[in-house]
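To keep things clear, I will list the structure first and then write my remarks on it.
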Amino acid sequence: MPVINNEELIKEVSQKGFLDFEIDPSLDLFEEINKLKKEKNAIVLAHYYQEPDIQDVADYIGDSLGLAQKAAGTDADMIVFAGVHFMAEAAKILNPGKKVVLPDLNAGCSLSDSAPPALFKEFKDKHPGHVVITYINCSAGMKALSDIICTSSNAQKVIESVPADTPIIFAPDKNLGAYLIKQTGRDMVLWNGSCIVHELFSLKKITDLKARHPLAKIIAHPECEEPVLKVADYIGSTTGLLKYTQSSEFNEFIVATEAGILHQMEKASPHKTFIPAPPENACACNDCPYMKLNTLEKLYLCMKYELPQIEMDEELRLAAKKPIDRMLDISAKYGL
Ligand code: 13P
Ligand code: SF4
């Protein structure tokens with residue numbers, strides 16, 4: 001078995017992932033992961049879009065804001081981030097002294113990729129005097145070019161924290177941006193990015209479903225396109241959507257976001273029915289291909305070998321931390 005800190009191993013796992021690693025099939029991975037948590041003083045943070053097994057073994061499951069807050073406050077020595085790269089990177093930005101590992105380094109994000117920092121810098125330079133508010137789904141390079149980071153659960157408060165006469169650039173999600181323009185009445189300049197999962201939902205299929213389930217409430221993430229948001233009964237972050245289904249008097253929901261969230265919805269309200277909103281393509285699923293790169297097996301291996309780790313240049317980290325700190329301060333002020 002390879003050992004930790006072996007340079008070749010680090011290179012192999014960083015480049016290829018855990019492709020050539022075998023796991024003893026007799027191992028109970030839940031038990032092993034829980035053992036590793038104790039041995040290594042590790043915390044497993046998971047996003048709602050992770051596969052159910054990962055959610056079930058996690059110490060904390062949350063939306064992007066909850067995960068960033070948890071990462072900022074942990075006293076664990078190792079943060080195991082079951083999510084995508086920008087989330088693990090944000091945890092590293094907040095915890096330079098801790099090991100932050102991600103089960104699969106290729107777990108990226110189309111929205112983050114839609115805003116390359118060099119191109120965004122040119123865009124920003126064309127709009128002098130604007131405050132840059134950037135959705136957390138972006139790279140550290142983008143964060144370093146931003147004034148305040150936001151997530152879907154605090155974006156409105158973040159925008160309202162900017163004086164009314166100060167123009168705003170909002171990046172990278174044009175759908176969330178357009179939704180926030182409506183919510184806040186602020187005329188923001190939008191970057192043209194989007195999420196491949198949320199822009200695929202089919203309005204026609206959703207309305208057909210609604211016709212077959214007239215009592216169902218349509219709930220949607222604000223990364224969805226406007227026509228879908230228009231028919232939604234409730235719009236919110238993943239945590240917002242989950243809470244809505246728990247507190248709602250209704251029993252049936254058409255859920256327009258990544259299907260991973262259904263696991264917590266079903267666990268919290270076993271007597272209610274949750275129907276994943278169908279995408280435009282022939283595929284019946286609405287999984288995020290990046291989120292679903294993480295598996296329980298890779299989670300176990302990444303804890304065991306403490307690889308692959310998120311590394312970051314210190315100057316970039318400090319520049320990216322400032323707008324995250326501003327977001328965390330604004331969120332704390334409003335009890336978010
Ligand atoms: P939230 O969990 O913050 O709502 O974000 C959804 C998302 O798309 C994360 O990639
Ligand atoms: Fe990115 Fe969309 Fe996947 Fe979230 S669901 S990680 S925004 S591609």
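Just so you know, ligand 1 is whichever comes first in the structure, and atom 1 is the first atom listed for that ligand. Please read these numbers as outputs of a predicted model, since none were measured by experiment.
Residue Asn137 approaches ligand 2 through these ligand atoms, each under 4.0 Å from one of its heavy atoms: 7 (S). Under a 4.0 Å criterion applied to the non-hydrogen atoms of Ser237, ligand 1 contributes the atoms 4 (O). Taking every non-hydrogen atom of His221 and a distance limit under 4.0 Å, the qualifying atoms of ligand 1 come out as 1 (P), 4 (O), 5 (O), 6 (C).
Between Tyr48 and ligand 1 there is no heavy-atom distance shorter than 4.0 Å. Residue contact check for ligand 2: Glu223 places a non-hydrogen atom closer than 4.0 Å to it.
Of the candidates Met87, His47, Glu223, the one placing a heavy atom closest to atom 8 (O) of ligand 1 is Glu223. Looking at Val197, Asn137, Leu241 and measuring to atom 10 (O) of ligand 1, the nearest heavy atom belongs to Asn137.
Looking at Glu258 against ligand 1, nothing comes within 4.0 Å, counting heavy atoms.
Using a cutoff of 4.0 Å between basic side-chain nitrogens and carboxylate oxygens, Lys204 and Asp208 are scored as salt-bridged. Classification of Lys333 and Asp329 as a salt-bridged pair fails, no side-chain N sitting under 4.0 Å from a carboxylate O. At a threshold of 4.0 Å, the pair Glu89-Lys143 does not count as salt-bridged, since none of the basic side-chain nitrogens sits closer than that to a carboxylate oxygen. Using a 4.0 Å cut-off between charged nitrogen and carboxylate oxygen, Lys35 and Glu32 count as a salt-bridge pair.
Given atom 1 (Fe) of ligand 2, the protein heavy atom at minimum distance is Cys109 SG, 2.4 Å. With hydrogens left out, the protein atom closest to atom 2 (Fe) of ligand 2 is Cys195 SG, 2.3 Å, a heavy atom. Among protein heavy atoms, the minimum distance from atom 3 (Fe) of ligand 2 is reached at Cys288 SG, 2.4 Å.
Not one N or O of Asp63 is nearer than 3.5 Å to an N or O of ligand 1, by distance alone. Below 3.5 Å of separation, one finds an N or O of Thr238 facing an N or O of ligand 1. The distance criterion of under 3.5 Å between nitrogen or oxygen atoms is not met by His198 with respect to ligand 1. Considering backbone and side-chain N/O of Ser152, one or more are found under 3.5 Å from N/O of ligand 1.
The shortest heavy-atom contact between Trp191 and Lys174 is O-CB, 3.5 Å. Minimum interatomic distance between Ser152 and Tyr135 (heavy atoms only, all atoms of both residues): N-CE1, 3.5 Å.
Within 6.0 Å of the CG atom in Asp125, the count of heavy atoms belonging to other residues, nucleotides or ligands exceeds 12.
Taking the centre of each ring, Phe253 and Tyr234 stay at or above the 6.0 Å mark.
For the pair Ile310 and Leu105, the minimum side-chain heavy-atom distance is below 4.5 Å.
Donor-acceptor pairing under 3.5 Å is recorded for the side chains of Thr134 and Ser146.
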